[in-house]
Amino acid sequence: DGGEGQARNINTPELGRQAVRDAKVEGYDLIKVYAYLNIETYKAIIDEANKQQLKVIGHIPDAFEGNLKDAFVPGLGMVAHAEELTNYAEDFSELEAQQMVQLLKDNNTWLSPTLTTMERILSQVKTLDELKALPSLKYVHPLFQSKWLSANKYNKMSSPENIAHFEKYVKFNLLLVKACKKIGVPIVTGTDAGTSSVVAGFAMHDELELLVKAGLTTEEALKSGTLLSAQWLGIDKQIGSIEIGKLADLVLLDQNPLVDIKNTRKIAGVFVNGIWFDKTKLDTMLADLAKRNTANKDKFDWKTMMSKKK
């Protein structure tokens, strides 16, 4: 990222290229770019990543405001989050979504829309009621439970104007996925887990359901979270589908998700590295986690811990 942004702060093309070479030596598989990079550094990072045979995923820097097309340079392998495109929307129309998605298509850039994130943000801008009632909240570390409930940055933004703003984002993100399906831009399932109210694992089911809502078939949604993800990473010979010789990381369901995508939630058991965990074992593990989190809530009050850091 550039400026004072997150990750490694890089503000010149030369430093950007060196950062990519460093990442290669350190054993990283891909580079993620963020919003505060300047245009020259952004392009240099992607160019160097191509030379180093590292994949690039990430955000579209703010520096491209008014000129989205120029952000799509060879080697930008995937845009993370549909709102990276929605940020540039003017009329939020279906035609505009199609025009944006054509930029992905022309550049061979895939999309991980993380629809669930914007859905959750909208919910929290409106009220925290849905978050408080979230069944999976008890599985989140108590420090983050405290932060989400007592220092929720999205809820602090609550206003009729912001609610309307995020409602437009939610609707347009769905149009982007619909447009991707229409012209064949590959979609990879992601959730941006860790964002307030987005619970790792559980949010994947939410995302699959939203992809189907946006127009994907149940089979296409399932492939987006399995085979296509593995193909983009270049590891589809090891994982991504059920075949002899591939790793035994499997989810066994009680009912067919091709009939109803919500059936991905009806889990009979899971194979992890070839080891079987049945539903009883999984439920026991989750119950133990929830119990530990509840027992430790008083130790992880967000406001108290932040005040100690000052």
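All values below were derived from every heavy atom in this structure, side-chain atoms included, with hydrogens, water molecules and symmetry-related copies excluded. Note that the structure is a prediction, hence the values are computed from the model and not measured.
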Could you give the distance from [atom1] ([X]) to [atom2] ([Y]), rounded to the nearest 0.5 Å?
X      : Y      : atom1 : atom2 : answer
Lys266 : Asn256 : NZ    : CG    : 11.0 Å
Asp22  : Ile10  : CG    : CD1   : 8.5 Å
Asp236 : Leu233 : CG    : CG    : 9.5 Å
Ser197 : Leu128 : OG    : CG    : 9.0 Å
Tyr34  : Asn9   : OH    : CG    : 12.0 Å

Least distance between heavy atoms, [X] atom then [Y] atom:
X      : Y      : value
Val199 : Ser136 : CG2-OG, 3.5 Å
Trp302 : Ala151 : CD1-CB, 3.7 Å
Leu76  : Ala71  : CD2-O, 3.7 Å
Thr41  : Gly16  : CG2-CA, 4.3 Å
Leu85  : Met100 : O-CE, 3.3 Å
Ser112 : Val188 : OG-O, 3.1 Å

Enclosure of Glu219 CD (heavy-atom neighbours >12, cutoff 6.0 Å):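 No.
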NZ/NE/NH1/NH2 to OD/OE distance under 4.0 Å, [X] and [Y]:
X      : Y      : value
Glu119 : Lys171 : no
Glu243 : Lys246 : yes
Lys24  : Glu48  : no
Asp192 : Arg120 : no
Glu207 : Lys213 : no
Asp47  : Lys43  : no
Asp254 : Lys279 : no

Cluster check Leu210, Val198: I/L/V/M/F/W/Y, side chain < 4.5 angstrom: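 No, it is not one cluster - the side chains of Leu210 and Val198 are not joined through contacts under 4.5 Å.
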Hphob cluster co-occupancy, Tyr88 + Val33, side-chain heavy atoms under 4.5 angstrom: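 Linked, Tyr88 and Val33 end up in one cluster.
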Steps toward side chain to side chain donor-acceptor pair (under 3.5 Å) verdict (Gln102, Asp106): CA-CA 6 Å; Gln102 190 64 50; Asp106 293 344; 2.8 Å; yes
His165 and Tyr169 aromatic ring geometry - parallel, tilted or perpendicular at 30°/60° bounds: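 Correct class here is tilted.
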Parallel, tilted or perpendicular, as decided by the 30° and 60° cut-offs, for the rings of Phe172 and Phe92: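 Answer is perpendicular, since the angle exceeds 60°.
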Check: [Y] and [X] side chains under 4.5 Å, non-hydrogen atoms:
X      : Y      : answer
Thr218 : Asp260 : no
Arg265 : Glu209 : yes
Pro113 : Asn173 : no
Leu149 : Lys132 : yes
Leu54  : Asp29  : no
Lys178 : Leu174 : no
Leu250 : Val270 : no

Any residue meeting side-chain hydrogen bond (donor to acceptor under 3.5 Å, both in side chains) with Asn296, in chain and number order, not counting sequence neighbours: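 Applying side-chain hydrogen bond (donor to acceptor under 3.5 Å, both in side chains) to Asn296 gives Lys299.
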Qualifying residue for side-chain contact (heavy atoms from CB on, under 4.5 Å) with Tyr154, from Asn162, Leu122, Val125: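 Filter result, single survivor: Val125.
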is_close_aromatic(Tyr42, Phe64), centroid dist under 6.0 Å: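 Judged by ring-centre distance (under 6.0 Å), Tyr42 and Phe64 do meet the cut-off.
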Between side-chain atoms of residues 282-292 and protein atoms elsewhere (two or more places apart, or another chain), which donor-acceptor pairs fall under 3.5 Å?
residue: Thr284; atom: OG1; partner: Thr280; partner atom: O; Å: 2.8

Distance-only donor-acceptor check, side chains Asp70 and Asn67, under 3.5 Å: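 Judged by distance alone, the side chains do pair up.
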